[in-house]
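Each chain gets a letter, A, B and so on, in the order the sequences are listed, and its residues count up from 1.
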Amino acid sequence: MLACRMGNMAKIELNEAQRRAVEHSSGPLLIIAGAGTGKTRVITQRIVRLVEKGVSPENILALTFSNKAAGEMAERTERMLGAKADDIWIGTFHSFCAELLRDHGLLAGLDPFFTVLTEAQQHLLLESHLDELELRRYALKGRANGLVTALLTAFSRAKDEMITSQEYLRFAAGKRDELEAAGGADDEAEEEVGCLEEVARAYELYDRVLSERGALDFGGLILATIRMLTDHPAILSRVRARFTHILVDEFQDTNFAQSVLVDLLVAEHGNVCVVGDDDQSIYRFRGASIKNILDFQTKHPEALVVKLTKNYRSGRRILDASHSVVSKNGARLEKRLSARHDDALVEAFVAASDEEEAGEVASRIEELVESGVEPREIAILLRSVKGQGADILKALEGRGIPHDLVDGALLAEEAEVRDAIAWLKVIDNPFDAESMARLLSAPPIRLDPIELCRLSHWARQSRRSLFEVAQNPSDVGGLDRDTGLRAQEVTGVIRRLAGKAHRVTAEQIVHEALNRSGYRAWLAARGPEAAVPLANLAQLERLAAEFTGFEKAGLRSFLDYVDMIRDAELREKGTQAKSGGVQVMTMHAAKGLEFEVVFMAGLGQSKIPGRRRPSAIEIPEALLKEQLPESDHREAHVAEERRLFYVAMTRARKRLLMSYALGEGERPAKASQFLTDCIDFGIELSRARPVTSQEGWNDEELPALSAASSYKDFLDINEDGGLSLSYSDLDCYRTCPMQFKLSRIYRIPGKPSPERSFGTLVHSVLEHFHRSCPREEASFERLAGLFEEAWQARRLGDGTRQRQFKQQALDGLRGYAEEFLRTEAVPTFFERDFNLRVGPHMLRGRVDRVDVLPGGGHELIDYKVGRTWDDRRVREDLQLSVYQMGAAEVWSIEPVQLSYYFILDNKRVSLRRCEEELEQARQMILEAAEGILSEDFEPREGYISCRYCDYTLVCPAKDR
DNA sequence: TAATTTATGTTTTTT
DNA sequence: ACATAAATTA
Ligand SMILES: Nc1ncnc2c1ncn2[C@@H]1O[C@H](COP(=O)(O)OP(=O)(O)OP(=O)(O)O)[C@@H](O)[C@H]1O
C-alpha cells in the first residue's frame with residue numbers, strides 16, 4: 001500500500017521556482033515562500049530529492065517550531081519515503097537540543113538526566129525562592145503572580161537574545177557605577193538602576209535554582225546546546241558530520257539564539273536551507289527576529305535565493321487587496337504574488353455595535369451555509385478571542401450555527417474541571433461556602449437553586465456553615481426531603497475524603513475525589529457527549545500526578561497551583577470539542593491554514609494595530625546582541641500588526657469579509673488603518689443591517705420570567721411591591737448582577753480578606769474615638785492607643801502585609817487627628833442610619849459621621865480605607881448622592897457638603913450634588929431595583945470587578 | 001502649537 | 001488601575 005501511495009505522490013507537480021528550490025544541491029538556500037505558494041510541498045519534496053540523490057536520511061535535519069509542524073512534516077515525508085523517512089531527524093528546535101544534550105551532555109560535563117520545566121513549574125520554583133531576595137521595587141501589584149510572570153517573561157526573552165544572568169548583573173553594576181559617577185540625586189535614574197539590579201539578581205537566583213535542581217527551561221535548552229557545542233569542538237564536529245543537510249521551517253520566526261545555533265551547525269558545510277516569509281513574521285513578542293531572514297543573503301552571499309510567488313490558494317482580488325496592505329511596510333523582501341484563479345470576492349462592512357457586527361457575520365454565514373458552503377470551510381478570525389470572541393460565539397449559538405473555538409480550551413476554565421475543583425476545595429476546607437455551593441449545584445447532586453437558597457439562608461440564620469447545615473438537612477424549613485437526604489449523603493462522602501486528604505498525595509486525592517464523588521460516573525453515563533469533559537478530568541488527574549512528582553506536596557498546594565495556573569493564564573490546554581463547524585480563532589492561530597471563506601471581524605483601529613503594550617519588564621536595548629533596536633517602537637508595532645492583518649487576509653480562497661463596529665461610546669470607533677488601506681484600494685464598505693429585536697434575543701427571556709416568582713421569597717419585598725435594599729446591596733447589583741444574586745440571594749458569604757478586616761477596624765476605631773472622647777481630650781496618641789487595642793483584640797496578626805498596613809494606617813490617623821484638632825467642625829452623629837423611600841422602594845444607608853460646621857451647616861462624611869479615588873470615580877459615584885437624599889428627606893438635614901475621607905492618604909474629597917444629579921441618582925436606583933425585581937442577573941464581566949469578586953468559582957460566566 | 005482634559009480599552013503563543 | 005490616544009482648550 002505504501003508503495004502504491006509513493007507511486008502517486010512521487011509525481012507531485014512543481015512549478016519552475018519550486019523545482020529550482022527542490023533541486024538545488026549544496027550550499028545555502030533561501031526560499032522566500034509567499035503566502036499560499038506551496039511551502040509545505042517544497043520542503044517535503046526537497047527532502048525527498050535529497051534522499052533520492054543519495055544523501056543518507058540520517059544526515060538530514062529539519063527543524064520546526066511546534067510539535068504540530070514537526071508531526072505534519074514527518075507524516076508527509078513518511079508518506080513519500082516510507083521507512084527511509086524514519087532516519088530523518090524532523091523535530092522542534094527544543095526537542096533537537098534536548099536530545100543533543102542527553103546524548104553528548106556527559107562528555108561536556110552536563111547532567112544528561114536534566115528535566116525540562118513547564119511554565120507552571122518555572123512559576124513554582126521562582127515563586128518559592130523569590131522572597132530570599134527581598135525585592136522592593138517591583139511590588140506585587142495588579143494580578144497576583146504578576147511579578148513572577150513578568151520576571152519569567154523577561155528571563156525567557158533574555159535567553160532568546162542569549163543574555164546570561166551574569167551579563168545582566170554586569171550591566172546593572174555598570175549602570176550603578178555610572179549613576180554614582182554622575183553624583184547628584186536623580187531619583188528617576190536611581191529607581192531605574194534599582195529595578196535593573198533587582199531583575200538581574202532574580203535572574204541569577206532563578207538560573208541557580210534551576211541548575212541546582214538539574215532543570216532547564218526552554219530557552220535554557222538552546223543556550224546550553226550552544227555552549228556545549230562552542231566549548232567542546234569534538235562534539236561540534238561530530239554533530240556537524242552527522243547533520244550535513246539542514247532545513248529550517250518558518251525561518252522568519254527564529255530568534256537570535258536559534259539563528260546562532262543554526263550558524264554553528266552549518267558553518268562548515270553550508271548546506272542550510274531556510275524557508276520563510278518575512279511578510280508573515282508575527283511572533284516578535286516572543287523573540288522572533290525578522291532580521292534573520294532579511295539578512296540571510298548578507299550572511300551567505302553565495303546563497304541561492306528562490307522566491308515562490310505563484311499562489312495556489314487565493315483569488316486575484318484577495319491577493320491584490322492583501323498586497324495593498326502589506327506593501328506599505330518598509331524593510332521587506334519585495335514580492336508580488338500571482339493568482340491562479342479569479343473567483344474571489346472581497347467585501348467590508350461597518351456595524352453600529354459589536355453585537356450587530358457579530359449578528360451580521362452570523363447571518364451571512366447562515367446564507368453561505370444554506371448556499372452549500374461547508375461550515376468547516378468558513379473561518380472567523382479575530383485579533384483577540386479573549387476580548388472579542390464572546391459576541392461572535394453568542395451570535396453563532398443564537399442561530400444554531402455549529403462552530404469550534406480553535407485552541408480556546410483552557411483546562412482550569414472548563415466547567416467540569418471547575419466542578420472538580422469545587423469538590424477538592426471543599427475536601428480541603430468544608431467551610432468554603434462558595435465551593436460548597438458549586439458542589440451542591442453541580443452533578444451528581446444538582447441541587448435546585450431554590451433549595452440551595454433555603455439551605456444557605458438557614459445557614460445564615462443559624463450561624464452555621466453551608467456544610468454543617470447540609471449535614472442536618474431536617475432542620476431546614478421548607479426543604480424538599482429527598483434533596484435534603486442527597487445533600488446529607490454528600491457531606492458523608494466529603495468527610496471521608498477529607499479524613500484521607502492529609503495522608504495521601506494530591507494525585508491520589510484527586511483520583512479518589514473524582515471517583516467517590518460520583519461525578520465521573522455521572523458524566524460517563526451521559527454517553528458520547530461527555531467524552532470531552534471526561535478527557536478534561538483525566539487531564540486534571542495528569543496535572544495532579546505531574547505536580548505530585550514535582551513538588552511532593554498535598555491537596556492544598558495543588559489547589560494553589562491550579563489557581564496560579566488560572567491567574568497567570570498559563571496555557572494548560574484542555575481538550576477541545578470538534579464539531580466540524582465554523583472555525584473561530586485568533587489571526588495568529590490561523591497562520592498556515594486556509595479556508596474557502598474568511599471573516600475578519602473586530603477590525604477597529606484600536607484593536608488592530610491597537611496600542612503597543614510594552615512588557616512589564618523590558619530588556620535593556622544595550623544588552624541586545626543584534627543591531628536590531630528599533631528606533632521607533634510604535635512603527636515596529638504597526639508593521640507587525642500589518643503583517644498579522646496580511647496573514648489573516650491570505651487565508652481565504654474565495655471570499656473575504658472584513659468588518660468593524662462603531663461601538664456605543666461617545667466617539668465612534670475608527671476603522672483599522674489596514675482596513676482603510678483596503679478601502680482605498682477599492683474594496684467596498686457597506687453598512688450592516690441593524691439587528692431586529694427578535695434576532696439576537698430569542699433565548700433566555702422565558703426561563704428568566706418563569707424563575708422570577710420563585711426568587712421573590714428570598715428578597716425583602718414590602719407590601720406595595722417595592723424592594724427593601726441597603727446601599728451596599730444596590731452597589732453590589734450595579735457592580736455585577738450575578739454577584740448580587742450569589743451574595744444577596746444565594747447568600748454565599750464573601751471571603752474574609754485582610755483589606756476588609758482593616759477597613760472595618762478603622763471604621764470602628766474612629767467611631768469609638770469620637771464617641772468616647774470630646775475634642776479637649778482628643779489626641780493622636782489617644783487614637784493610636786485605641787487602634788492598637790482594637791488591633792490586638794481582633795488578632796489581625798503581624799505578617800508583612802499587616803505590618804505594612806499598620807504603618808500606613810497610623811500615618812493616616814496621625815494626619816486625621818491633627819486635622820480634627822485644627823478644625824472647628826463638631827462631629828455630631830456617628831453611624832447614623834436612614835431609610836429612604838425611592839419610588840416604591842426603601843433604601844437603607846448609614847453615614848459614618850455628620851459634622852456641624854462653624855457656620856451651622858452640616859457635612860456628611862464617609863470614611864474610605866484604601867487608595868484615593870480619581871475624579872471620575874468620585875463624579876460618577878452614587879453613594880454620596882444617596883446620602884444627600886437620605887439626610888434631606890429622612891433627617892431634614894440639607895448638608896452643605898458631603899465628603900469622602902480617605903484615611904490612609906489623609907485626603908478629603910468633598911462635593912454637593914445638584915437637583916439634576918440627584919434625579920439621575922434616583923433613576924439609577926429605580927433602574928437597579930427594577931432589574932432585581934425582574935430577575936435580571938446577567939453577569940457583568942468587568943476588568944476590575946471580576947478580580948475582586950469572591951464568587952469566581954461559582955460564577956457561570958467563568959465556565960467555558 | 002502646546003498643554004490639558006476626556007474617553008477608551010485592556011493581546012498574540014510555543015517550547 | 002492605568003497608560004495612552006484623541007479631542008479640546010489656552
Ligand atoms: N505546484 C503546485 N501546483 C498546484 N498546487 C500547488 C502547487 N504547490 C502547492 N500547491 C497547493 O497550494 C496550496 C497552498 O500550499 P501550502 O499550504 O503549502 O502553502 P504555504 O506556502 O504553506 O502557504 P502559507 O505560508 O500561506 O501557509 C495547497 O493547497 C497546495 O496543495
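Using atom P as the reference point in both dT12(B) and dC2(C), the two lie 22 Å apart (nearest Å).
Without hydrogens or angle criteria, R643(A) side chain to S281(A) main chain gives a donor-acceptor distance under 3.5 Å. Formation of a donor-acceptor pair under 3.5 Å by the T676(A) side chain with backbone atoms of S672(A) is found in this model. Without hydrogens or angle criteria, S156(A) side chain to L152(A) main chain gives no donor-acceptor distance under 3.5 Å.
In this structure, NZ of K670(A) is placed 13 Å from C1' of dA7(B), rounded to the nearest angstrom. Atom CG of L405(A) and atom P of dT12(B) are 11 Å apart (whole Å). Between the C1' atom of dT10(B) and the CD atom of E941(A) lies a distance of 14 Å, rounded to the nearest Å. Atom CH2 in W869(A) sits roughly 15 Å away from atom P in dC2(C) (whole-Å rounding). The interatomic distance linking F902(A) (CZ) with dA1(C) (P) rounds to 10 Å, in whole Å. Taking atom CZ of residue R613(A) and atom P of nucleotide dT4(C), one finds them 10 Å apart after rounding to whole Å. Computed from coordinates, the L603(A) CG to dT12(B) P distance equals 15 Å when rounded to whole Å. For the pair F645(A) CZ and dT11(B) C1', the computed distance is 16 Å after rounding to whole Å.
Evaluation of the salt bridge (charged side-chain N to carboxylate O under 4.0 Å, His left out) rule for R76(A) yields no partner, not counting sequence neighbours. Residues meeting the side-chain hydrogen bond (donor to acceptor under 3.5 Å, both in side chains) test with K39(A), sequence neighbours left out: E250(A). Checked against side-chain hydrogen bond (donor to acceptor under 3.5 Å, both in side chains), T92(A) has the following partners two or more places apart in sequence or in another chain: S95(A). When the side-chain hydrogen bond (donor to acceptor under 3.5 Å, both in side chains) test is applied to S615(A), the partners found at least two apart in sequence or on another chain are E618(A).
Counting only heavy atoms from C-beta outward, the side chains of H104(A) and V239(A) approach each other to under 4.5 Å.
Here the closest heavy-atom approach between residue H403(A) and residue V584(A) is recorded as CB-CG2, 4.5 Å.
Residue contacts for V116(A): at a heavy-atom cut-off of 4.0 Å it reaches no nucleic acid atom on any strand shown.
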Write down the protein N/O and nucleotide N/O pairs, taken from nucleotides 13-15 of chain B, whose separation is under 3.5 Å; answer none if there are no such pairs.
| residue | atom | partner | partner atom | Å |
| --- | --- | --- | --- | --- |
| dT13(B) | OP1 | T586(A) | OG1 | 2.8 |
| dT13(B) | O4 | R571(A) | NH2 | 3.2 |
| dT14(B) | OP2 | K573(A) | NZ | 3.4 |
| dT14(B) | O4' | R286(A) | NH1 | 3.4 |
| dT15(B) | OP1 | N67(A) | N | 2.5 |
| dT15(B) | OP1 | N67(A) | ND2 | 3.2 |

So which protein N/O to nucleotides 2-6 of chain B N/O distances come out below 3.5 Å?
| residue | atom | partner | partner atom | Å |
| --- | --- | --- | --- | --- |
| dT6(B) | O2 | R667(A) | NH2 | 3.4 |

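Dashed line: the shortest gap from a side-chain N or O of R612(A) to OP1 or OP2 of dT10(B) is not under 4.0 Å.
For R383(A), counting side-chain heavy atoms from C-beta on, the closest listed nucleotide (dA7(C), dA1(C), dT11(B)) is dT11(B).
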